[in-house]
Protein chains: 2
Amino acid sequence: MTQKNIEKPRQRAPSQRSLQTKAKILDAAECLFADRGFEGASIRDIAARAGVQVGLVHHHGGGKEELFYQTVARRAGELARIRVETLEALQASGPLNLRDILDCFIRPYVTLALSGGDGWMAYGRLVAHVSVDPRWRDIAAEYFDPTAQRFIAEIAKLYPGTDPALLASGQVYSVSAMLAHLNSAWRVEALSKGGDLAQIDSLIAFCAAGIEAMISPPQG
Amino acid sequence: MTQKNIEKPRQRAPSQRSLQTKAKILDAAECLFADRGFEGASIRDIAARAGVQVGLVHHHGGGKEELFYQTVARRAGELARIRVETLEALQASGPLNLRDILDCFIRPYVTLALSGGDGWMAYGRLVAHVSVDPRWRDIAAEYFDPTAQRFIAEIAKLYPGTDPALLASGQVYSVSAMLAHLNSAWRVEALSKGGDLAQIDSLIAFCAAGIEAMISPPQG
DNA sequence: GTCTATAATGAGATAGAC
DNA sequence: GTCTATCTCATTATAGAC
């Protein structure tokens with residue numbers, strides 16, 4: 001039943017307590033890396049927040065950089081799976097338009113962030129750090145690019161002959177807007193005193209109309 | 001002729017050499033803060049890149065956090081001035097539509113980044129850090145919000161009665177897309193092998209159409 | 001203003017007992 | 001696996017000569 005990657009033969013499975021400890025460490029690392037970035041979060045802060053000893057963070061994390069990778073990787077697989085499953089489920093019900101495809105990409109993530117617990121919300125801030133910093137380009141290439149490529153390919157089917165760079169730009173702009181939607185509520189509030197926050201449908205409408213406008217500019 | 005802020009009475013104006021040293025320090029800080037974030041860039045790295053001693057960075061910067069503020073502030077005033085002047089110049093020639101207004105906000109920045117020297121390009125990455133991290137909300141409120149408010153107000157004139165939060169969200173999404181345009185060329189390249197990069201007009205089209213779609217959703 | 005030198009702290013990482 | 005204790009190094013910041 002388990003489909004965990006088995007890289008090396010182990011004597012035995014990790015104990016229940018070990019798994020819990022590792023989860024606590026990843027939870028703490030996720031939150032602190034998200035809030036303060038890689039250098040801004042110290043191993044000691046992470047250990048303190050997880051309620052464990054400093055040495056344990058090294059034992060489970062295998063160094064700070066490796067811990068950062070693990071923190072990003074933990075939810076990346078599940079997110080990619082949900083996105084693709086959502087896409088394929090909707091495709092089974094008929095042909096999709098641009099907005100449908102973007103909806104399958106954006107809505108699962110935003111929904112998880114808003115109702116999947118603090119971890120998923122922090123993960124959005126973490127991904128924002130990864131997206132901004134070329135230093136983490138390997139992480140982005142490994143965990144995010146495959147899904148992004150898949151969705152770009154779906155969009156390309158709708159607009160054959162379109163410059164791939166244009167579609168890629170639209171994807172990148174849309175991801176940045178999605179992350180801003182999740183992470184910049186404080187900015188929106190500062191700029192609009194007293195109004196309600198924009199909802200997810202507005203975000204998806206923004207991205208879909210934006211991509212359409214890029215691809216098919218007004219004639220003349 | 002000088003319009004520098006004079007906060008305290010000083011014996012004399014700073015020497016030419018002092019100004020050059022301070023500029024070198026701010027240049028180095030700008031680049032390193034932009035690349036590695038606040039904690040990721042050390043005073044020593046900044047001093048080394050500026051070609052000065054560690055003590056001088058403290059002398060001119062007044063501590064690391066104060067140096068970060070100064071680094072953001074240095075170009076913020078000029079950027080805000082150019083944006084508003086561009087807007088008012090275009091307004092003098094006739095009524096503006098949404099795309100015109102966004103053009104006045106986005107194009108000056110992107111143009112400076114692409115042709116105004118390495119400093120302005122690095123500044124885009126620096127602003128991205130400020131925009132992501134609530135820790136710097138005071139900086140954003142002081143240096144970026146007034147201009148953003150001005151442009152939001154102009155857009156609001158075009159769509160009276162629109163929810164202010166919707167306009168603020170559109171502004172935040174647009175800024176995030178603009179920063180992605182400047183900072184995420186590496187991501188676009190990874191997602192579109194070999195194609196040309198999208199140009200600034202595509203970005204503005206993306207933002208304008210996105211905002212229009214948010215404000216006036218398709219009926220039905 | 002500039003430079004050298006150093007203080008004071010916090011960082012990541014590890015060793016070894018249990 | 002977990003914990004305590006420690007090592008080693010880089011960091012910010014400052015003091016004081018020039």
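Within every chain, numbering begins at 1; the chains are lettered A, B, ... in the order of the sequence lines, protein sequences first and strands thereafter.
- Between the P atom of C:dG12 and the CD atom of A:E66 lies a distance of 16 Å, rounded to the nearest Å.
- Among the atoms of the strands shown, only primed sugar atoms or phosphate atoms (P, OP1, OP2) are found under 4.0 Å from some heavy atom of B:T21.
- Between the A:K22 side chain and the A:V57 main chain, no donor and acceptor come within less than 3.5 Å of each other.
- Spacing between atom NE2 of B:H58 and atom C1' of D:dT14 amounts to 8 Å, rounded to whole angstrom units.
- Rounded to an integer number of Å, the gap from A:F38 CZ to C:dA11 P is 14 Å.
- What separates CD of A:E65 from P of C:dA11 is a distance of 18 Å, to the nearest Å.
- In this structure, A:E30 does not pair ionically with A:R125, as no charged nitrogen and carboxylate oxygen lie closer than 4.0 Å.
- If you check C:dC3, D:dA13, C:dA13 against the side chain of B:V54, the one that comes closest is D:dA13.
- Surrounding CG of B:D201 are more than 12 heavy atoms belonging to other residues, nucleotides or ligands, all under 6.0 Å away.
- In summary, the side chains of B:Q20 and B:Q16 do not present any donor paired with an acceptor at a separation below 3.5 Å, with no hydrogens or angles considered.
- Across the protein-nucleic acid pair, B:I43 atom CD1 and C:dT6 atom C1' stand 17 Å apart, rounded to whole Å.
- A centroid separation of less than 6.0 Å is found between the aromatic rings of A:F206 and B:F206.
- At a cut-off of 3.5 angstrom, counting only N and O atoms as typed in the model, there is a donor on one side and an acceptor on the other between the side-chain of A:R44 and the base of C:dG12.
- Side chain of B:H59, nearest nucleotide from C:dG1, D:dG1, C:dG12: C:dG1.
- When distances run from any side-chain atom of A:S42 to the nucleotides C:dG1, D:dG1, C:dG12, the shortest one goes to C:dG12.
- Between B:S15 and C:dG1, a side-chain N or O to OP1/OP2 separation shorter than 4.0 Å is absent.
- Atom pair A:Q53:CD and C:dA15:C1' shows a separation of 16 Å (rounding to whole Å applied).
- Annotation: of the two residues near DNA chain D, A:H60 and B:K64, the 5′-most nearest-nucleotide partner is A:H60.
- Atom CD1 of B:I25 is separated from atom P of C:dC3 by 10 Å (rounded to the nearest Å).
- Atom CG in A:L56 sits about 13 Å away from atom C1' in C:dT14, given to the nearest Å.
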